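The structure appears below as structure tokens.
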Amino acid sequence: MKQIRLLVFCLFALCSMAVMAQEADDTGYIVKVGQMAPDFTVKLTDGKTVKLSELRGKVVMLQFTASWCGVCRKEMPFIEKDIWQKHKSNPNFALIGIDRDEPLDKVIAFGKSTGITYPLGLDPGADIFAKYALRKAGITRNVLIDKEGRIVFLTRLYNPEEFASLVKKIDEMLK
């Protein structure tokens, strides 16, 4: 009887792992377009905190990033120029860069070195990131959220055509 229980337990565990693995898409996202964005609270480099759900009513872009990510460094000036500078004064828009698992001093230096002026938040342990993608999955990633809190666009890595589509989507949502 113990062997049968052990076998059932092992099968259940394997099935559970398979289901969890299936939740991620081929880019490592565990969220999908159309879903409500998982809520979180993030501490920004200026000491302020932001709770995602308190941004309802705004179009929100999350950029998952880190100083060690070369692709992030390549993409960030485009986010600054083509999205942030265009929409930073719009009260219906919010952009937060979420730095994956780095200390405050490093995140501040990273922002300065890339020349970006949009807010950067701290994600110790990549706990916020893990609400959106597999914890071990790579960055850079952008998540666009509509005014109701639903995910409307997901990107992975920096692709100029995909980035242009993201910019266009933000522009349309803010008209």
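As the structure is a computational prediction, the values presented were derived from the model and not from experiment.
Looking at Ile83 and Phe93, their side chains come closer than 4.5 Å, going by heavy atoms from C-beta outward. Residues Lys86 and Val167 are in side-chain contact: their nearest non-hydrogen atoms beyond the backbone lie under 4.5 Å apart. Proximity of Trp84 to Met61: side-chain heavy atoms (C-beta onward) are nowhere separated by under 4.5 Å. The side-chain heavy atoms of Lys51 and Asp39, taken from C-beta on, include a pair separated by under 4.5 Å. Annotation: side chain of Val60 is not in contact with side chain of Leu144 (no heavy-atom distance under 4.5 Å). The shortest distance between side-chain heavy atoms of Val50 and Thr41 does not fall below 4.5 Å. The shortest distance between side-chain heavy atoms of Phe153 and Val143 does not fall below 4.5 Å.
Side chains of Asn92 and His87: a donor-acceptor N/O pair is absent below 3.5 angstrom, by distance only. A donor atom on one side chain and an acceptor atom on the other are not found under 3.5 Å apart for Thr65 and Arg73.
Proximity of a side-chain donor or acceptor of Gln35 to a complementary backbone N or O of Ile151 within less than 3.5 Å is not detected. Side-chain N or O atoms of Lys48 include none that pairs as donor or acceptor with a backbone N or O of Lys43 at under 3.5 Å. Counting only distance, with no hydrogens or angles, the side chain of Glu80 and the backbone of Gln85 share no donor-acceptor pair below 3.5 Å. At distances below 3.5 Å, not a single donor-acceptor pair connects side-chain atoms of Asp99 with backbone N or O atoms of Val107. Arg56 places no side-chain N or O within donor-acceptor distance of the main-chain N or O of Asp146, the cut-off being under 3.5 Å. The closest donor-acceptor contact from the side chain of Arg150 to the backbone of Gly34 lies under 3.5 Å.
Within 6.0 Å of NZ on Lys169 lie no more than 12 heavy atoms contributed by other residues, nucleotides or ligands. The number of heavy-atom neighbours closer than 6.0 Å to OH of Tyr158, taken from other residues, nucleotides and ligands shown, is above 12.
One hydrophobic cluster holds both Leu52 and Val31 under the rule that ILVMFWY side chains link at heavy-atom gaps under 4.5 Å.
Residue Glu75 holds its CD atom at 10.0 Å from CG of Asn159, rounded to the nearest 0.5 Å. For the atom pair Arg100 CZ and Cys72 SG, the distance stands at 9.5 Å (nearest 0.5 Å).
Between Asp127 and Arg135 there is a salt bridge, since at least one side-chain N of the basic residue sits less than 4.0 Å from a carboxylate O of the acidic one. A salt bridge between Asp25 and Lys32 is absent, with no side-chain N of the basic residue lying under 4.0 Å from a carboxylate O of the acidic one.
The aromatic ring centroids of Tyr29 and Tyr132 lie 6.0 Å or more from each other.
Nearest heavy-atom pair, Phe129 versus Asp123, reported as atom, atom and distance to 0.1 Å: N-OD2, 2.9 Å. Of all the heavy atoms in Leu157 and Glu162, the pair that sits closest is O-OE1, 4.5 Å. Of all heavy-atom pairs between Ala133 and Ile30, the closest is N-CG1, 3.7 Å.
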Report the C-alpha distance between Val59 and Ile145 in whole Å, list the side-chain angles of each, state the deciding distance to 0.1 Å, and finish with yes or no for side-chain contact (heavy atoms from CB on, under 4.5 Å).
CA-CA 6 Å; Val59 172; Ile145 302 165; over 6 Å; no
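Applying the side-chain hydrogen bond (donor to acceptor under 3.5 Å, both in side chains) test to Thr155 and every residue at least two apart in sequence or in another chain returns Asn142.
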